[in-house]
Amino acid sequence: MGRPFRAPVLLALLLPACGGGGGGGPIAPPLVGDLVAATWLGAGATPQAGDTLQLFFNTDVNAAVGRLFTDADARLASGTLGAVSSQPVQVNPRTLAVPLGTGVSFAPGTTTIELLAGNDVVLDSAARLLGAGTAVTITTGDAEAPVISNVTASGVDDLLNGTGPAGGTLQVPRSGFTIGVAATDSGAGVLLSGYVVHANVAVSVNGALRPVGANLTDVLQPTNLSGEITFPVPPEVVFPVGPLTITAYARDLSGRVANPMSFAFRVGEMTAAVRPFRTTVNPRQVWFLSTARDIEGFTVNLANGTTPVEVNPGANGRGDLDDLLLVLGLHSPTPLANVIGNLDSNQVVTSRLQTTIVSELALLYSGANVAFTFTAPGTFPPGASSVPYDALGFSQIAIAGSESAAGTSGVLGVAIFDPNNKTQDDNTRTDFAGSQRLGVFLHTLVNSGFRTGSLSTFRLTFDLLTPARGGTPIGNDPQDAQRLQGTLSDLRRSRIDNAILRLARFTAVVAAHECGHSVGLVQDDPMPRGLYGGDGVNFPGSTVGHIRMPLAAFPSGTQNVMAPAVDFDAALSAGTRFNSLNSAYLREQAFYDQR
């Protein structure tokens with residue numbers, strides 16, 4: 001369906017039985033070239049003629065044509081480079097390999113080397129000769145140099161960062177994003193202090209400009225040491241608005257240097273108009289999960305192959321979610337009293353269900369400035385489906401029954417789509433755009449689950465509790481009190497725990513999806529205009545406002561939260577999550593242009 005601004009976005013269910021300005025300011029001084037590391041590469045125990053000395057610099061360098069790098073260009077604390085007879089070889093933009101000559105003599109691990117003022121060989125990218133510099137100790141290189149396999153911004157993978165077939169250009173704020181470098185080494189291991197991250201633009205650090213090409217790792221302290229090293233960009237480091245290329249190097253413990261890898265993206269000004277979460281009213285975005293809707297009840301008729309859980313229109317004095325819990329057997333018509341304090345068994349189950357839903361939502365929205373609650377933070381303005389973001393401290397969504405009185409739509413959720421999250425939204429309405437119900441519709445799950453085979457995950461989870469299937473509802477067994485209290489452990493307790501956990505997890509995934517729409521996911525078009533929603537060519541199966549990820553990114557049994565349909569089994573998997581770009585948007589480490 002089309003999706004103009006403020007239109008609802010529908011989510012289906014999949015089950016086997018269901019068919020600001022530029023950088024400006026002063027100009028940074030040029031980067032002064034200097035030696036960073038020197039590594040001897042040779043086959044013997046001591047340096048020999050024909051071996052090489054790799055010199056790694058803090059800037060891009062070239063070797064002057066026709067000149068030899070000799071003892072006249074560098075000082076060894078003790079020893080000599082020998083009678084050098086061949087020109088240096090360019091290994092990568094910042095590394096030169098100097099061939100050693102007859103009579104070479106120095107002690108790796110002890111001898112230091114530094115450039116001399118008379119150097120006439122090593123030039124920077126502006127063709128200026130490097131002058132006298134810092135002495136570094138010559139190390140002994142091992143057999144293999146490290147390898148950089150990836151450089152990322154905000155943790156966004158290649159499919160979604162503009163380098164994949166869908167194209168586009170990743171856009172990040174001036175600060176607050178992350179730079180990731182994935183490097184491996186088959187020998188001594190990668191040296192944590194040996195990383196170099198530099199930009200092709202001058203960067204403001206504490207108000208002073210760092211030159212183009214200057215290493216930034218001293219102000220980008222790594223926070224993740226497993227596989228990909230993650231460098232957060234703190235507030236005191238500010239990149240200029242516009243195109244940006246980050247280049248990374250890595251050294252191993254022996255001193256060898258990886259060939260560099262670069263990644264190009266875009267820096268934009270994250271104004272209030274494009275920032276998904278703002279703290280003017282509340283310190284974070286708050287979502288109230290309402291279970292108050294009471295517009296129908298349900299009757300189980302297993303002979304009805306289309307709607308085994310039939311919808312009975314009209315309020316019955318009980319929330320529609322509670323009616324579905326009775327159908328599933330998570331609630332009992334005659335609950336056990338005073339199971340925990342003065343709470344009966346139904347109330348204990350509801351409390352556990354709500355606590356687990358909030359916990360699962362917190363996992364799905366990890367790193368985002370969002371909180372979820374079943375306690376109403378206030379009252380949404382009557383008659384309004386949306387209000388300006390800063391006019392209210394929360395948005396809300398219904399966790400309810402059926403999407404329609406017929407109960408046959410197959411829709412799991414409908415929410416207001418809110419580009420850039422400019423408003424607080426009321427997804428509890430039953431009269432949006434006339435008669436559209438908004439919210440999470442668990443009747444779709446229950447009705448479809450009743451139609452699956454007896455060995456489906458849904459039936460194996462709930463049948464032994466479901467009265468229509470001959471099960472015993474929670475609270476109908478006197479020992480359920482001890483099971484809910486945690487003092488009795490047996491097979492039935494495991495089934496009860498499993499049923500509560502799985503229903504909570506599934507509900508959380510659907511709620512995460514619907515709330516995602518109302519905070520700006522998933523805008524169509526590639527970055528920086530959107531988040532690749534609706535691109536069914538490069539992401540087959542995607543629809544307007546949704547993106548279905550390929551198996552390479554989400555293996556079988558998992559799925560992207562913002563896919564156009566949710567599978568019950570996949571929702572239960574810990575691998576089901578927001579894709580890397582959606583997650584970066586929620587963390588405010590990537591954003592799309594104003595809508």
Side-chain angles (χ1 to χ4, degrees), residues 147-183 195 197-201 203 216 220 222-224 227-233 239-250 260-270 274 276 366-368 420 516 520-540 542 546-555 559-563 577-593:
V147 175
I148 297 176
S149 58
N150 204 15
V151 176
T152 61
S154 299
V156 180
D157 59 60
D158 293 348
L159 282 171
L160 300 163
N161 68 8
T163 64
T169 301
L170 179 67
Q171 181 170 249
V172 304
R174 299 183 69 182
S175 294
F177 64 99
T178 60
I179 297 168
V181 183
Y195 283 89
V197 173
H198 69 82
N200 67 333
V201 294
V203 180
L216 299 170
L220 307 178
T223 59
N224 180 4
E228 181 176 274
I229 304 299
T230 302
F231 296 93
V233 180
F239 287 84
V241 169
L244 173 67
T245 297
I246 289 292
T247 300
Y249 288 83
M261 179 171 283
S262 298
F263 175 55
F265 49 106
R266 169 179 165 180
V267 173
E269 195 73 64
M270 185 180 273
V274 297
S366 177
N420 307 115
L521 299 175
V522 176
Q523 179 62 54
D524 291 350
D525 300 325
M527 288 289 279
R529 285 186 46 79
L531 300 171
Y532 298 99
D535 184 352
V537 174
N538 294 293
F539 302 97
S542 298
H546 301 90
I547 178 169
R548 185 176 186 273
M549 300 298 294
L551 287 174
F554 282 80
Q559 66 176 110
N560 176 29
V561 168
M562 299 310 298
R577 51 184 169 79
F578 289 102
N579 71 32
S580 61
L581 180 57
N582 293 169
S583 181
Y585 171 83
L586 293 171
R587 298 193 312 267
E588 298 191 308
Q589 294 184 3
F591 66 100
Y592 57 88
D593 292 341

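Note that these values count all heavy atoms, side chains included, but never hydrogens, waters or copies made by symmetry. FYI, the numbering just counts along the sequence from 1. Remember, it's a predicted structure, so these values are computed and weren't measured experimentally.
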In terms of ring plane angle, is the pair Tyr195 and Phe231 parallel, tilted or perpendicular, where the classes change at 30° and 60°?
perpendicular

Once the angle between the rings of Phe177 and Phe239 is folded into 0 to 90°, is it parallel (under 30°), tilted (30 to 60°) or perpendicular (over 60°)?
tilted

Candidates Ile148, Thr247, Val151 - the one meeting side chain to side chain contact (heavy atoms under 4.5 Å, CB included) with Ser262:
Thr247

Residue that, paired with Ile179, satisfies side chain to side chain contact (heavy atoms under 4.5 Å, CB included) out of Val197, Leu216, Thr230:
Val197

Is the Lys NZ or Arg CZ of Arg548 less than 6.0 Å from the centre of Phe554's six-membered ring, within 45° of the axis?
no

To the nearest 0.5 Å, what is the distance between [atom1] ([X]) and [atom2] ([Y])?
X: Leu160; Y: Tyr532; atom1: CG; atom2: OH; answer: 6.5 Å
X: Gln171; Y: Met270; atom1: CD; atom2: CE; answer: 8.0 Å
X: Phe263; Y: Thr245; atom1: CZ; atom2: OG1; answer: 9.0 Å
X: His546; Y: Asp535; atom1: NE2; atom2: CG; answer: 14.5 Å
X: Asp158; Y: Leu170; atom1: CG; atom2: CG; answer: 11.0 Å
X: Ile547; Y: Leu531; atom1: CD1; atom2: CG; answer: 8.5 Å

Hydrogens and angles aside, do Thr152 and Asn150 bring a side-chain donor and acceptor to less than 3.5 Å of each other?
no

Are Gln523 and Asp593 close enough that a side-chain donor and a side-chain acceptor fall under 3.5 Å?
no

Can you see which heavy atom on [X] is nearest to which on [Y], and at what distance?
X: Thr178; Y: Gly155; answer: OG1-N, 3.9 Å
X: Val156; Y: Ala584; answer: CG2-CB, 3.9 Å
X: Pro550; Y: Leu159; answer: CG-CD1, 3.7 Å
X: Ala183; Y: Ala250; answer: CB-CB, 4.1 Å
X: Phe591; Y: Pro173; answer: CE2-N, 3.6 Å
X: Gly168; Y: Pro526; answer: CA-CB, 3.9 Å

Is the side chain of [X] donor-acceptor paired with the backbone N or O of [Y] at a distance under 3.5 Å, no angle test?
X: Ser154; Y: Gln589; result: yes
X: Tyr592; Y: Gly520; result: yes
X: Arg266; Y: Pro243; result: no

Can you confirm whether [X] sits close enough to [Y] that some side-chain heavy atom of one is under 4.5 Å from a side-chain heavy atom of the other?
X: Ile246; Y: Phe265; result: yes
X: Val267; Y: Val172; result: yes
X: Arg174; Y: Glu269; result: yes
X: Val561; Y: Asn582; result: no
X: Leu244; Y: Asn200; result: yes
X: Val522; Y: Leu581; result: no

